[in-house]
Amino acid sequence: MTAQRLRLGVNIDHVATLRNARGGDLPDPVRAAVLAEQSGADGITAHLREDRRHIRDADIAAIKEAIDIPLNFELAATREMQAIARTIAPHAVCVVPERREERTTEGGLEVAADQNRLSHFIGPLRDAGARVSMFIAPELSQIEASARIGAPVVEFHCGAYCNFDTEGDIVAREAEFARLADGAKRAADLGLEVHMGHGLSYQNVTPIAALPEVAELNIGHFLMGEALFIGLPPALAEMRRLMDAARA
Ligand code: PXP
């Protein structure tokens with residue numbers, strides 16, 4: 001298959017993490033979203049968690065207002081989040097699992113075991129015009145269930161692959177990569193758009209970006225960390241360069 005241009009969604013949650021550590025207004029995640037747009041991001045991703053540990057309700061509304069590129073609103077499948085998403089009317093919603101005690105989104109959504117509820121959850125969002133994606137592990141059962149409930153997009157949690165460092169267990173790392181690659185093929189065969197996210201960095205982005213089925217990467221923590229040292233525009237430019245080089 002011919003690879004399409006790979007989009008870069010920039011997740012700005014951790015600008016809010018830093019702001020909330022001091023309880024004031026700075027640094028401003030809206031400013032980060034605008035700067036990311038000016039620096040070549042194709043979309044902005046933000047996760048309004050149930051416990052509001054980083055992004056808050058007012059941030060989501062302000063980000064939507066401030067940017068001209070698509071907003072990808074990550075949310076748990078709750079009534080509260082569904083209502084907020086319908087008010088905000090983002091370009092896209094990404095349904096993620098959420099557990100209060102986790103530090104970050106640790107695994108994928110159980111779509112196969114929760115099809116009925118999730119299909120009712122995404123229906124109104126789709127009807128309202130949002131492009132819905134399901135954040136899942138690259139497992140056949142989850143991919144097929146996502147297609148069955150009518151989600152047009154799946155985002156694979158690629159953390160299990162990304163968290164291996166380059167010195168680590170090469171065999172296990174290759175097995176995780178094969179799961180992502182095979183899953184991407186299966187999802188594309190089913191007509192699903194494929195995204196990937198979690199743990200992507202300069203070190204590990206190239207093989208993922210080279211998979212021809214992948215249309216979008218969502219990257220946050222690494223880019224914000226890098227931005228502390230070199231600034232957001234150069235951090236983003238380097239990620240973009242690596243993504244383009246992987247596709248060349
Ligand atoms: N995609 C989804 C659905 C996420 O929940 C997250 C954050 O956990 C990301 C992408 C970005 O991951 P990271 O911050 O590790 O780049």
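For ligands, and for the atoms within them, numbers begin at 1 and follow the listed sequence. Nothing here was measured: the structure is a model prediction, and the numbers come from that model. Quick note: residue numbers are just sequence positions, from 1. In what follows, every heavy atom counts, from backbone to side chain, and hydrogens, waters and symmetry copies are set aside.
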Please say whether Glu74 places an N or O atom under 3.5 Å from an N or O atom belonging to ligand 1. yes
Hey, does Ile230 have a side-chain heavy atom less than 4.5 Å from the side chain of Glu238? no
Does the side chain of Gln142 reach to within under 4.5 Å of the side chain of Met134, using non-hydrogen atoms? no
Less than 3.5 Å between some nitrogen or oxygen of Gly220 and one of ligand 1, yes or no? yes
Would Gly199 count as a polar contact of ligand 1, with the cut-off being nitrogen or oxygen pairs under 3.5 Å? yes
Starting from atom 11 (C) of ligand 1, which protein heavy atom do you reach first, and at what distance in Å? Asn218 O, 3.7 Å
Go through the side-chain N and O atoms of Arg56 and Asn20 and say whether any donor and acceptor fall under 3.5 Å apart. yes
So the atoms of ligand 1 within less than 4.0 Å of a heavy atom of His221 turn out to be 13 (P), 14 (O), 16 (O)
Measure the spacing between CG of Leu180 and CD1 of Ile208 and express it to the nearest 0.5 Å. 5.0 Å
Distance in Å, Leu35 CG paired with Asp28 CG, rounded so as to fall on 0.5 Å steps: 11.5 Å
Working to the nearest 0.5 Å, report the span between CG of Leu8 and CG of Asp42. 6.0 Å
Parallel, tilted or perpendicular: which describes the rings of His221 and His14, with under 30° parallel and over 60° perpendicular? perpendicular
Should you measure from each heavy atom of Val96, which atoms of ligand 1 turn up under 4.0 Å away? 3 (C)
With only distance considered, is Asn11 within less than 3.5 Å of ligand 1 through an N or O on each side? no
Glu155 to ligand 1: N or O pair under 3.5 Å? yes
Ile219 heavy atoms, cut-off 4.0 Å: which ligand 1 atoms fall inside? 16 (O)
Quick one: are Val93 and Asn72 in side-chain contact, heavy atoms under 4.5 Å? no
Is it the case that ligand 1 has an N or O less than 3.5 angstrom from some N or O of His198? yes
Close approach of Phe135 to ligand 1, heavy atoms, under 4.0 angstrom: yes
